[in-house]
Number of protein chains: 2
Amino acid sequence: MTSRPYHHGDLKAALLAAGIDILEAQGLDGLSLRAIAGRCGVSHSAPKNHFGSLRGLLTAIATEGFRRHAQAMCEGLGETATRQQRLAAAMQGYADFAQANPALFQLMFSKQHCDFADPALLQAANASYAILADISTGLDWAKAGLPDSQTRTQMMLWSLVHGYASLRNAGLFDRLPEHPIGYILPASTYREES
Amino acid sequence: MTSRPYHHGDLKAALLAAGIDILEAQGLDGLSLRAIAGRCGVSHSAPKNHFGSLRGLLTAIATEGFRRHAQAMCEGLGETATRQQRLAAAMQGYADFAQANPALFQLMFSKQHCDFADPALLQAANASYAILADISTGLDWAKAGLPDSQTRTQMMLWSLVHGYASLRNAGLFDRLPEHPIGYILPASTYREES
DNA sequence: AGTGGAAAGTTTACACTGTCAACATTGGGG
DNA sequence: CCCCAATGTTGACAGTGTAAACTTTCCACT
């Protein structure tokens, strides 16, 4: 269909897809170079030509994960919504993605498995962050007299939604009554748009 | 010195200590049953008698991690401090512990490595949560008309500090100006004690 | 057209892992 | 005193990632 530059088809993309499939089906434990290669019908050593090492392959998978993550955050964003509603929708998308893809989500934020020095991964991660950062413009959690109020608001929102998603995925919220992320965002901190 | 119920001394405790040492020195990757056993001078199969499997040993290590975690949160708690100051101190202890023991912190919240059905682990984790929950009594992030305001405040605080610690440990805050956790807690949401 | 070489994939080997079964050793309670 | 359960060892096994040597394919250049 697309390009076929060599004799067996579009590996690299097939390896990525197989990796994500195994990740969803069997979790991070079941994700091995040999399993991915086997699912693509190639030898266990073939992935090295495209990704160098397992770490490189996991980094590429995480990069694709951030792209889907950003898309999930954008899906609930209607044009007519208020900034508060858009923020709640983006955070809900963040948490929903983590819940729907727990192994991928865990991989995406694991310095143990991924190489955050990789430019592609860094760019994809920054793109996800930028979505929350953009929406949070005009909202303010600042204490009087402290600088960087915009940055601090962004860090607060990112930390809040990321911790919420992580703790829920780990099962630490199981004994508590359920509350969507919107019910945890303090209403009193919203500021009307100017 | 302590008790010596069998012919080689107090393994189990030695294995736990060796595991934590390796965790700090070499990270989660370097933590293997054989490495732990080797550091204690026993064969690679000895830990099975005390912990059953690697998962059991990691669960026990995480349990000890939660005990130290709770202690780190309590260290900054002075009796004379206001509730706001005590909250900020506990959260600072939470984040500092995560920064000082990144591998242990990662292990403690990894459903992949730990068995959260283990009663000891569950109790230790709940004890850590209870510290934040107790301090947050009297503080309120509730929207009017929603139930469970106490629970929601606790979830918000826990999510915020956990996400902050996790994202900072992953290096995702490296490009942003530094802000201690207290500068991210919104001041406007504090409520005076009654 | 034909050839050289780089890209893509295979094979083989190696060190390492966790788990298991069979075996050795020890120490304490009948 | 002696047996037995707890503790620890040995050896084997399937599985992992990595690396080197090898083979196959295809593209570019003369």
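In what follows, chains carry the letters A, B, and so on, assigned in the order in which the sequence lines appear, proteins first and then strands, with residues in each chain numbered from 1.
Residue A:Arg34 places its side chain closer to D:dT18 than to any other of D:dG8, C:dT19, D:dT18. Comparing C:dT19, C:dG9, D:dG8 by their closest approach to the side chain of A:Leu11 singles out C:dG9.
Taking 4.0 angstrom as the limit, B:Lys48 places none of its side-chain polar atoms (N or O) nearer than this to OP1 or OP2 of C:dG18. For the OP1/OP2 pair of C:dG9 and a distance below 4.0 Å, the side-chain nitrogens and oxygens of A:His50 include at least one atom meeting the criterion.
Remark: nothing in residues 17-26 of chain A comes within less than 4.0 Å of DNA chain D through any heavy atom. Taking a 4.0 Å limit (strictly below) on heavy-atom distances, residues 103-111 of chain A does not reach DNA chain D anywhere. Within residues 38-47 of chain A, the residues approaching DNA chain C are A:Val42, A:Ser43, A:His44, A:Ser45, A:Ala46, by heavy-atom distance under 4.0 Å.
In terms of position along DNA chain D, the nucleotide closest to A:Gly30 lies nearer the 5' end than the nucleotide closest to the other residue of the pair A:Gly52 and A:Gly30.
In this pair, B:Trp158 and A:Phe173 present their aromatic rings perpendicular. The plane angle is above 60°, beyond the 30 to 60° band. Taking the six-membered ring for Trp and thresholds of 30 and 60 degrees, A:Phe66 and A:His69 have ring planes more than 60 degrees apart, a perpendicular arrangement.
Here the shortest heavy-atom pairing between B:Gly65 and B:Met108 reads C-SD, 3.7 Å. Taking each heavy atom of B:Leu157 and B:Leu185 in turn, the nearest pair found is CD2-CD2, 3.8 Å.
The CG-P distance, from A:Asn49 to D:dA19, rounds to 13 Å in whole Å. B:His113 places its NE2 atom 15 Å from the P atom of C:dT17, with the value rounded to the nearest Å. Between B:Arg55 atom CZ and C:dT19 atom P the separation is 10 Å, expressed in whole Å. Per the geometry, CG belonging to B:Leu54 stands 14 Å off C1' belonging to D:dT16, to the nearest Å.
The ring-ring contact (aromatic ring centres under 6.0 Å, His included) check on B:Phe105 picks up B:Phe109, B:His162, with sequence neighbours excluded. Scanning for salt bridge (Lys or Arg N to Asp or Glu O under 4.0 Å) contacts around B:Arg55 gives an empty result, with sequence neighbours left out. A:Arg39 meets the salt bridge (Lys or Arg N to Asp or Glu O under 4.0 Å) test with A:Asp21; sequence neighbours excluded.
Within a 6.0 Å sphere centred on CD of B:Glu24, heavy atoms belonging to other residues, nucleotides or ligands number more than 12.
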Evaluate the side chain to side chain contact (heavy atoms under 4.5 Å, CB included) criterion for residues B:Leu132 and B:Gln154: first the C-alpha distance (whole Å), next the side-chain angles of each, then the deciding distance (0.1 Å), finally the verdict.
CA-CA 7 Å; B:Leu132 270 190; B:Gln154 294 165 11; over 6 Å; no
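Two residues are said to be in side-chain contact when any heavy atoms from C-beta on lie closer than 4.5 Å; A:Leu58 and A:Leu107 meet this criterion. Counting only heavy atoms from C-beta outward, the side chains of A:Arg68 and A:Phe97 approach each other to under 4.5 Å.
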